[in-house]
Peer 1: 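Submitted below is the structure of interest, expressed as structure tokens.
Naming: A, B, ... by sequence-line order, numbering from 1 per chain.
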Amino acid sequence: SQELEQSPQSLIVQEGKNLTINCTSSKTLYGLYWYKQKYGEGLIFLMMLQKGGEEKSHEKITAKLDEKKQQSSLHITASQPSHAGIYLCGAIFSTSGTYKYIFGTGTRLKVLA
Amino acid sequence: DTEVTQTPKHLVMGMTNKKSLKCEQHMGHRAMYWYKQKAKKPPELMFVYSYEKLSINESVPSRFSPECPNSSLLNLHLHALQPEDSALYLCASSRLANNPELEGCEAFFGQGTRLTVV
């Protein structure tokens, strides 16, 4: 089973529109990381959220972690073609005393000019 | 410097070949990771090194052999691969926290090696 589920799976929006991507965990999150990936390239770190209710912004991207710390949302305001890519949420989970850095199912974003 | 460098960028190898992927970081991170990513899928964790020692092996076939010769370098040795092993291989590094679930430690990724097995 997937520990981090993202929705929607893919998204096509017109340039200038706002959009939201969600990430839901089956366990309480002690830290949630958002990354962006261009096709065939490495992941670029966007933001880290650790406290319930925390919200962070960078340029036109805002991410929030809910109070229960099991869901995070990423909101893009006035989308641009440069926002296109794959957005991945990530978290660290412990299993039998070891820590694993795992990723959500991903959301593919296309922005039409 | 938040750069993780992976070489080569592209690699085509036959099923009987032996090759190696290399990863280097100079951020002083003591955790390093190998991920495998197939098309339209999220990265899947393969190996984790902590303080240059293998701490996690996600049941990866022995034809993949990781090595961490020092705190800045991570290698992935490949031998007798199958066509289904073709994928993007990503290396990442992060600082090590006593309790990463509470302290937070973002991972920095390389650009990946696009591997094709023929």
Side-chain angles (χ1 to χ4, degrees), chain A residues 2-7 9-10 21 23 25 27-52 54 56 58 63 65 69-70 85-110, chain B residues 2-6 9-10 23 25 27 29-50 53-59 86-116:
Chain A
Q2 185 69 38
E3 287 163 302
L4 289 174
E5 291 281 348
Q6 283 184 238
S7 63
Q9 209 171 2
S10 64
I21 297 168
C23 175
S25 172
K27 303 178 184 178
T28 299
L29 296 164
Y30 293 100
L32 191 285
Y33 305 78
W34 282 101
Y35 288 84
K36 179 186 174 185
Q37 184 180 28
K38 291 281 191 184
Y39 174 72
E41 298 182 10
L43 280 66
I44 298 168
F45 171 72
L46 295 175
M47 274 175 275
M48 174 178 71
L49 303 163
Q50 284 188 280
K51 299 174 186 172
E54 186 176 10
K56 285 187 178 176
H58 176 68
L65 184 62
K69 299 205 293 184
Q70 282 195 269
I86 304 164
Y87 288 82
L88 291 152
C89 62
I92 297 175
F93 293 103
S94 66
T95 305
S96 304
T98 59
Y99 294 97
K100 297 182 184 182
Y101 208 122
I102 65 168
F103 290 93
T105 47
T107 297
R108 292 179 164 265
L109 173 63
K110 198 170 188 177
Chain B
T2 57
E3 195 170 304
V4 176
T5 304
Q6 285 188 246
K9 284 196 75 173
H10 301 276
C23 175
Q25 57 89 13
M27 294 177 276
H29 289 164
R30 303 306 292 276
M32 295 187 78
Y33 314 80
W34 279 115
Y35 287 85
K36 174 183 177 180
Q37 188 177 26
K38 299 285 271 184
K40 298 189 178 181
K41 297 286 186 184
E44 290 178 20
L45 184 64
M46 297 175 73
F47 302 104
V48 180
Y49 272 83
S50 305
K53 291 194 189 313
L54 184 65
S55 58
I56 294 177
N57 176 341
E58 290 286 85
S59 303
S86 299
L88 181 68
Y89 288 84
L90 294 162
C91 170
S93 72
S94 73
R95 68 180 192 90
L96 266 175
N98 288 332
N99 192 339
E101 285 185 308
L102 297 177
E103 295 175 46
C105 33
E106 63 268 35
F108 293 88
F109 283 78
Q111 287 299 295
T113 294
R114 172 69 60 188
L115 174 68
T116 303

Peer 1: More than 12 heavy atoms of other residues, nucleotides or ligands under 6.0 Å from NZ of B:Lys38: yes or no?
Peer 2: yes
Peer 1: According to side-chain hydrogen bond (donor to acceptor under 3.5 Å, both in side chains), who are the partners of A:Tyr101, at least two apart in sequence or on a separate chain?
Peer 2: A:Tyr35
Peer 1: What part of B:Cys91 lies closer than 4.5 angstrom to a heavy atom of chain A: side chain, backbone, both or neither?
Peer 2: neither
Peer 1: Find the distance between CD (A:Glu41) and NZ (B:Lys9) and round it off to the nearest 0.5 Å.
Peer 2: 7.0 Å
Peer 1: Supply the atom-to-atom distance A:Ile102 CD1 to B:Glu44 CD, rounded to the nearest 0.5 angstrom.
Peer 2: 11.0 Å
Peer 1: At a heavy-atom distance under 4.5 Å, which candidate from B:Ala92, B:Ala39, B:Ser50, B:Cys105 has the highest pair count against chain A?
Peer 2: B:Cys105
Peer 1: Where do B:Pro42 and A:Gly104 come nearest, in terms of heavy atoms and distance?
Peer 2: CB-O, 3.0 Å
Peer 1: Would you check, one step at a time, whether the test ring-ring contact (aromatic ring centres under 6.0 Å, His included) holds for B:Tyr33 with A:Phe103?
Peer 2: CA-CA 13 Å; B:Tyr33 314 80; A:Phe103 290 93; 9.4 Å; no
Peer 1: What are the residues of residues 42-49 of chain A, in order of number, with any heavy atom under 4.5 angstrom from a heavy atom of chain B?
Peer 2: A:Gly42, A:Leu43, A:Phe45, A:Met48
Peer 1: Considering only heavy atoms, which portion of B:Lys40 lies under 4.5 Å from any heavy atom of chain A: side chain, backbone, both, or neither?
Peer 2: both
Peer 1: Is chain A contacted by the side chain of B:Gln37, its backbone, both, or neither, given a heavy-atom distance below 4.5 Å?
Peer 2: side chain
Peer 1: Who among A:Lys100, A:Lys38, A:Gln9 has the most heavy-atom pairs with chain B under 4.5 Å?
Peer 2: A:Lys100
